[in-house]
Participant: 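Take this structure first; my questions come after.
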Amino acid sequence: MDLTVAITGATSGIGRAVAEAFVDEGAFVAVSGRDGAAVDRTVAALNGGDDSGGEAEAPEDGDGEIDHAERGTAWGDRVDVRDEFDLERFFERVAREAGPVDVVFANAAVFHGAPGESPTDELSYADYDDTMRTNARGVFATITEAVPHLADDARVVVPSGAVAAESKPGMGAYAVSKAAAEAVARGFAADLDATVGVVDPGLVATDLTGKERARDPDSVAPLFVWAATEAPAEDLNGERLGLREWKSATR
């Protein structure tokens, strides 16, 4: 799979699992996150190292070009999606390292408080603002800064969940931000030539969900790879794909 993939929030949970799935498929995967040390550890682990740290560079062939081995290559940079200049630099570097970006996975998100225990009427303005700036504006900034570097047939995937559309107690600003992120995706889908859509993997066990009995991130990573590479573009663009569509298409 000769693709260039850029992922925000790639050092844990779904982002990390999707990064590994794409590397396994042979892609060049640019991972990012707020914690630079965690990015370095992630890159080292994805490239077959011991994840003990140290900046990992993509291997080059004799002509100085990126060498896509069968397993693929991970490369990383520290990025805070609340800062559009971080994202601008990130996508510029990715394009220099590996050329036009084929897949953007706008995954970075935060949840201030515990899921199910963060009532909307008890939110602080600071927590609300930071959640929206990361989870909604961060998606807007990620796509905006990616646009100049997208390949002709690029796809942008925004993860979401039922909480974006259903009334669930104690989900606070996180639910609001996910609804907003889906609206951002639909807006870009209407205005860009690139395919932009939302993918809902169902309830997944991550730091954000706090659900230990939910699906493992590794089990849903193939759903995101399928949506970004094989799902019909018209089914993804401006729409929402999930487990049902994936299983129906791949069974």
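Values in this document were obtained by computation on a predicted structure and should not be read as measured data.
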Participant: I'd like to know if the side chain of Arg82 reaches the main chain of Arg133, judged simply by a donor and an acceptor atom lying under 3.5 Å from each other, with no hydrogens or angles considered.
Facilitator: no
Participant: Tell me every residue that passes salt bridge (charged side-chain N to carboxylate O under 4.0 Å, His left out) with Arg89, counting only those two or more places apart in sequence or in another chain.
Facilitator: Asp86
Participant: Can you sort out the partners of Lys247 under salt bridge (charged side-chain N to carboxylate O under 4.0 Å, His left out), two or more places apart, ordered by chain and number?
Facilitator: none
Participant: So which atom in Asn237 and which in Val196 form the shortest heavy-atom distance, rounded to 0.1 Å?
Facilitator: OD1-N, 2.9 Å
Participant: Whether Glu84 and Arg137 form a salt bridge (side-chain N of Lys/Arg under 4.0 Å from carboxylate O of Asp/Glu) is what I want to check.
Facilitator: yes
Participant: For Phe105, run the side-chain contact (heavy atoms from CB on, under 4.5 Å) check against Thr8, Ile14, Val29, Val158 and tell me which one passes.
Facilitator: Ile14
Participant: Under the side-chain contact (heavy atoms from CB on, under 4.5 Å) rule, collect the residues that match up with Glu239, sequence neighbours excluded.
Facilitator: none
Participant: Hydrophobic cluster mates of Tyr125, side-chain heavy atoms under 4.5 angstrom, ILVMFWY only, any path?
Facilitator: none
Participant: Give the other cluster members for Phe85, using side-chain heavy-atom distances under 4.5 Å between Ile, Leu, Val, Met, Phe, Trp and Tyr residues; answer none if it is isolated.
Facilitator: none
Participant: Using every non-hydrogen atom in the two residues, find where Lys178 and Ala109 come nearest and quote the distance to one decimal.
Facilitator: NZ-CB, 4.3 Å
Participant: Measure the shortest side-chain to side-chain distance between Asp77 and Val94 over non-hydrogen atoms and say whether it is less than 4.5 angstrom.
Facilitator: no
Participant: Could you tell me which non-hydrogen atom of Ala37 sits nearest to which non-hydrogen atom of Asp35, and how far apart they are?
Facilitator: N-OD1, 3.0 Å
Participant: Does the side chain of Val199 come within less than 4.5 Å of Leu236's, by heavy atoms?
Facilitator: yes
Participant: Mind listing the closest non-hydrogen atom pair of Leu241 and Asp235 along with its distance?
Facilitator: CD2-O, 3.6 Å
Participant: Heavy atoms, side chains only, cut-off 4.5 Å: are Asp153 and Asp102 in contact?
Facilitator: yes
Participant: Between Ala27 and Val5, what is the shortest heavy-atom contact and its length?
Facilitator: CB-CG2, 4.1 Å
Participant: Tell me, please, which residues at least two apart from Phe90 pass ring pair (Phe, Tyr, Trp, His ring centres under 6.0 Å).
Facilitator: none
Participant: Check the side chains of Ser32 and Arg93 for a donor-acceptor pair under 3.5 angstrom, ignoring hydrogens and angles.
Facilitator: no
Participant: Whether the side chain of Ser248 engages the backbone of Glu245 through a donor-acceptor N/O pair (distance < 3.5 Å, no angle test) should be reported.
Facilitator: no
